[in-house]
Amino acid sequence: MSEHLLKDTVSRLFEALVTKELIEAMEGGLWPREAWAQCEELGLPRVWVPESAGGYGVDPAEAMEVVRLVGQYAVPLPLVETMYANRLAAISGLAIEEGPTTFAPVHQRQLPAMRATSGGWHLRGALESVPWARWARHVIVLAQAPEEQRFYLARVPSHSLALEPGNNLAGEPRDTVRFDLVLPDTAVASLPEEFGWSQWEGAAAALRALQIAGALTQVLDLSVQYANERVQFGRPLGKFQAVQQNLAVLAGWVVTATAAADIGAEALIEGPTLLPIAVAKARTSEAAGSAAAIAHQVHGAMGFTREHRLHTFTRRLWSWRDEFGNEGYWHRQLGRLTFAAGADGWWPMVTATPYVKAQIA
Amino acid sequence: MIAIAFPSPPPTTAELETLRQEVRAFLAAELAHLPPRERVRSWMGFDASFSRKLGQRGWIGMTWPKRYGGHERSALERYVVLEELLAAGAPVSAHWIADRQSGPLLLKYGTEEQRCEILPRITAGECFFCIGMSEPDAGSDLASVRTRATPVEGGYVVNGTKVWTTNAHLCHYMVLFCRTGVQEDRHAGFSQFLVDMKTPGITVRPIADLSGEHHFNEVVFQDVFLPRSALLGKEGDGWKQLMEELAFERSGPERFLSSFVAMVEAVRALRDAPSDAAQAAIGRMTAQLVVLRRLSRSVAGMLQRQEKPDLQASLVKDLGGVFEQEVADIIRSLVAVEPSLGAKDELSATLARLVMLAPSFSLRGGAREILRGIIARGLGLR
Ligand SMILES: Cc1cc2nc3c(=O)[nH]c(=O)nc-3n(C[C@H](O)[C@H](O)[C@H](O)COP(=O)(O)OP(=O)(O)OC[C@H]3O[C@@H](n4cnc5c(N)ncnc54)[C@H](O)[C@@H]3O)c2cc1C
């Protein structure tokens with residue numbers, strides 16, 4: 001698939017697929033089976049899998065565009081999660097299975113321990129906020145064996161999980177899963193030595209940053225459109241300077257988030273490094289809240305209704321900004337790096353980004 | 001779908017990074033004596049001898065043709081030099097305007113004689129320019145400029161008053177924006193002129209800024225005769241020329257690095273035991289710097305490709321200005337320091353200067369509300 005072809009095709013698919021009804025059905029507890037089947041038909045779950053591991057040889061930059069589009073269209077499917085889980089499986093040499101797949105844990109404190117036993121690997125854990133777990137066929141679990149630095153990936157079939165449903169603000173599943181099981185050797189693989197928690201979390205953060213950037217472009221569009229249509233005092237709102245100034249600020253947040261997400265995406269493609277990824281999630285998370293606030297102000301009471309589409313995006317923004325580290329978390333990480341570089345090393349650190357790889361701490 | 005494109009900036013190269021190291025080594029040696037309290041002036045710091053040294057290194061007019069004293073280097077090489085100068089707080093004010101906008105204007109609209117005579121002196125760091133746009137009754141609304149050049153035998157006679165003219169008292173030339181047309185049409189009837197500041201009839205009076213410093217001036221033109229050759233480009237093209245300059249003026253690294261010297265001093269002051277709040281606040285600045293730099297470099301790439309990123313340049317300046325202006329308050333929230341210009345403590349003196357400079361960051365080069373108006377137009381609201 002060549003450059004814009006994939007992006008255009010996927011845009012068209014999402015445009016047709018993602019209706020208000022589909023999103024509401026998902027929130028109401030229905031698995032959007034048909035929509036998922038269409039995404040699968042297009043090969044989207046494997047767009048980020050290298051050709052050598054069963055992918056289609058899609059340029060990773062294009063895969064990142066798909067992630068952005070998932071945000072832009074508020075696609076109510078675990079597409080990004082499956083893309084990432086399949087990517088991880090490919091990296092570690094696990095077989096890639098069909099169907100929606102997710103990954104866990106999302107909190108470092110819940111990193112499960114794994115032990116070699118006679119029948120394979122014993123794995124036990126209680127993991128919260130696992131995205132889309134209730135509809136996933138497999139969960140790719142990051143685990144660590146005691147006394148080992150190295151991390152492992154385990155493929156856990158969903159029928160062997162106990163699941164407690166939970167949701168984020170947008171009604172996207174964020175479930176708690178519990179398991180205490182023995183997995184065969186074929187379901188476990190060790191990760192490359194340099195892959196640890198930071199890479200795991202960093203990649204997920206960079207993906208959410210792209211989704212945020214995508215959703216923000218939609219929020220700007222909706223706001224400008226509304227300002228041009230809604231008439232008060234005999235003029236469209238967009239003709240009032242106060243409203244124009246607010247929308248200009250909103251546009252500033254959108255370009256900030258877009259550039260930040262681009263920085264994160266490039267780092268993901270190059271091999272995740274802490275600084276650019278922290279920049280990506282920190283700036284997009286801050287932009288998410290600030291932009292949503294302006295958008296709601298411009299939309300008035302109409303934007304506060306269930307009827308209007310705005311909340312489809314703002315509720316996602318209010319959730320995604322806190323997933324895989326909010327801006328405070330990533331600011332502190334960046335602060336650590338900055339103080340480690342020191343006053344006179346600050347500027348050299350900035351100019352080295354993202355071209356020189358800062359080691360993940 | 002509203003799309004405000006900021007394409008990926010051109011990637012850096014080994015040559016660019018070598019150049020960066022050369023500039024850093026040069027600045028480390030040249031600025032060793034200059035304390036942060038001076039460097040914090042950023043591109044308001046004036047030092048003619050420093051500009052001359054930069055000229056000798058070939059770092060002024062870098063992209064211009066060699067036959068005019070330039071060095072035919074890329075816009076990216078120039079960007080590297082600029083950002084290194086700013087990050088170090090080098091005193092670049094003397095040649096800044098000539099390098100950024102007056103030189104390129106002459107290259108495009110000057111006569112061959114003017115180019116041959118003036119451009120090599122600019123690149124040598126020996127010829128400085130000021131900008132005569134603002135007037136007492138024409139700030140954001142430049143179309144209400146009143147200074148007029150009236151055609152006479154062999155040239156023009158100029159009458160009127162310019163204000164806020166940075167470095168007019170130290171510059172060799174001004175690029176004057178004034179009225180030439182008879183019709184009082186909003187955007188027609190303006191022209192730009194190359195004015196030798198030694199021309200009889202020009203009076204430069206200092207205006208002290210709020211801290212008592214003298215950098216800007218009032219410039220009065222009383223029956224000032226300009227030869228025909230002083231006209232830049234065609235009569236009536238002044239407005240168009242002005243608009244062309246704006247993207248260059250608004251998107252450079254000086255739009256987000258004006259406070260960097262103070263930021264560095266804050267990290268120095270906090271380094272022994274940075275609190276959680278300090279880590280977060282400084283980390284946030286790193287995130288802002290990295291993103292603003294990407295946006296600014298993206299515009300540099302568009303300018304290099306001769307695109308017209310006016311909207312993008314306004315966004316960079318608006319976002320950069322907000323960032324630069326926040327810095328003082330963020331530092332104050334982290335360090336208990338009372339600002340004083342004469343303090344022994346370097347952070348105190350640096351902060352003192354920054355606090356008093358900061359209001360200008362969202363005025364000079366286009367006030368915040370005006371930039372946001374341009375952005376709103378780009379969004380299709382006006
Ligand atoms: C340090 C410094 C150096 C400068 N150097 C130069 C120089 O070398 N040469 C030169 O020509 N000029 C120079 N200027 C002038 C600068 O370009 C002007 O200050 C700027 O264009 C704004 O004009 P003004 O100050 O007259 O403000 P005004 O235009 O009077 O505006 C005052 C306030 O009202 C707002 N405002 C104005 N119009 C509108 C509107 N339509 N809608 C909403 N809000 C509006 C502005 O945004 C601003 O906040 C310098 C200024 C400073 C501070």
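No experiment lies behind these values; they were computed from the predicted model shown. Here is how names work: the chains are called A, B, and so on, in the same order as the sequence lines, proteins then strands, and each is numbered from 1.
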TODO: Look up atom CZ in B:Phe323 and atom OG1 in A:Thr256, then write down how far apart they are to the nearest 0.5 Å.
DONE: 11.5 Å

- [ ] Give a yes-or-no answer on whether the side chains of A:Trp347 and B:Glu83 include a donor-acceptor pair shorter than 3.5 Å.
- [x] no

Task: Pick from A:Ala227, A:Pro236, A:Gly342, A:Gly238 with the largest number of heavy-atom pairs that fall under 4.5 Å of chain B - done: A:Gly238

- [ ] With a 4.5 angstrom heavy-atom cut-off, could you sort out which part of B:Leu257 is near chain A: side chain, backbone, both or neither?
- [x] side chain

Task: B:Leu295 portion near chain A, given a 4.5 angstrom heavy-atom threshold - done: side chain

Task: A:Gln297 atom CD: more than 12 heavy-atom contacts under 6.0 Å - done: no

TODO: State, with a plain yes or no, whether a side-chain heavy atom of B:Arg372 is found less than 4.5 Å away from one of A:Gln244.
DONE: no

TODO: Drop me the distance from A:Trp330's CH2 to B:Thr286's OG1, to the nearest 0.5 angstrom.
DONE: 14.5 Å

Open item on the list: Evaluate A:Val254 against B:Ile4 for side-chain contact (heavy atoms from CB on, under 4.5 Å), listing each step before the verdict.
Closed with: CA-CA 9 Å; A:Val254 176; B:Ile4 309 172; over 6 Å; no

Task: Contact check, side chains of B:Val267 and A:Trp346, non-hydrogen atoms, under 4.5 Å - done: yes

Task: Positions in residues 18-41 of chain B that reach chain A, provided some heavy atom is under 4.5 Å away - done: B:Arg20, B:Arg24

Task: Interface moiety of B:Leu379 toward chain A, non-hydrogen atoms closer than 4.5 Å - done: both

Task: Proximity breakdown for B:Ile282 and chain A, heavy-atom pairs closer than 4.5 Å - done: both

Open item on the list: I need the residue from A:Glu327, A:Lys239, A:Gln225 with the largest number of non-hydrogen atom pairs under 4.5 Å to chain B.
Closed with: A:Lys239

Task: Pairwise side-chain contact, B:Val290 with A:Leu275, heavy-atom cut-off 4.5 Å (strictly under) - done: yes

Open item on the list: Side chains of A:Thr338 and B:Gln279, heavy atoms from C-beta outward: is any pair under 4.5 Å?
Closed with: no

Open item on the list: So which residue, B:Glu265, B:Met285, B:Gln288, ends up with the most heavy-atom pairs under 4.5 Å with chain A?
Closed with: B:Gln288

Open item on the list: Minimum heavy-atom separation for A:Val350 and B:Arg293, please, with both atom names.
Closed with: O-NH1, 3.7 Å

Task: From A:Gln245 atom CD to B:Leu381 atom CG, the distance as rounded to the nearest 0.5 Å - done: 11.0 Å

Task: Heavy atoms from other residues, nucleotides or ligands near CE of A:Met302 exceed 12 (cutoff 6.0 Å) - done: no

Open item on the list: Around atom NZ of B:Lys308, are there more than 12 heavy atoms from other residues, nucleotides or ligands closer than 6.0 Å?
Closed with: no

TODO: For the residue pair B:Glu17 and A:Thr351, confirm or rule out a side-chain donor-acceptor distance under 3.5 Å.
DONE: no

Open item on the list: Could you check whether any side-chain heavy atom of B:Ile2 comes within less than 4.5 Å of a side-chain heavy atom of A:Thr217, counting everything from C-beta outward?
Closed with: no

TODO: Between chain B and each of A:Val249, A:Asp221, A:Leu220, count heavy-atom pairs under 4.5 Å; write down the option with the most.
DONE: A:Asp221

Task: Part of A:Gln241 lying under 4.5 Å from any heavy atom of chain B - done: neither

Task: For A:Arg283 against B:Ala287, the heavy-atom pair lying closest together - done: CD-CB, 3.7 Å

Task: Atom of A:Ala260, atom of B:Val291 and distance for their closest heavy-atom approach - done: CB-CG2, 3.9 Å

- [ ] May I ask you to name which of B:Gln312, B:Arg382, B:Arg377, B:Arg368 has the most heavy-atom pairs under 4.5 Å with chain A?
- [x] B:Arg382

- [ ] Under 4.5 Å heavy-atom distance to chain A, tell me which part of B:Asp276 shows up: side chain, backbone, both or neither.
- [x] both

Task: Reported CG-to-CZ distance for the pair B:Leu270 and A:Phe339, which is rounded to 0.5 angstrom - done: 5.0 Å

Open item on the list: Side chains of A:Leu334 and B:Arg284, heavy atoms from C-beta outward: is any pair under 4.5 Å?
Closed with: no

Task: Which portion of A:Glu286 sits near chain B, non-hydrogen atoms under 4.5 angstrom - done: side chain

TODO: Return the option, out of B:Ala269, B:Ala266, B:Ala280, B:Ala376, with the maximum number of heavy-atom pairs under 4.5 Å with chain A.
DONE: B:Ala280

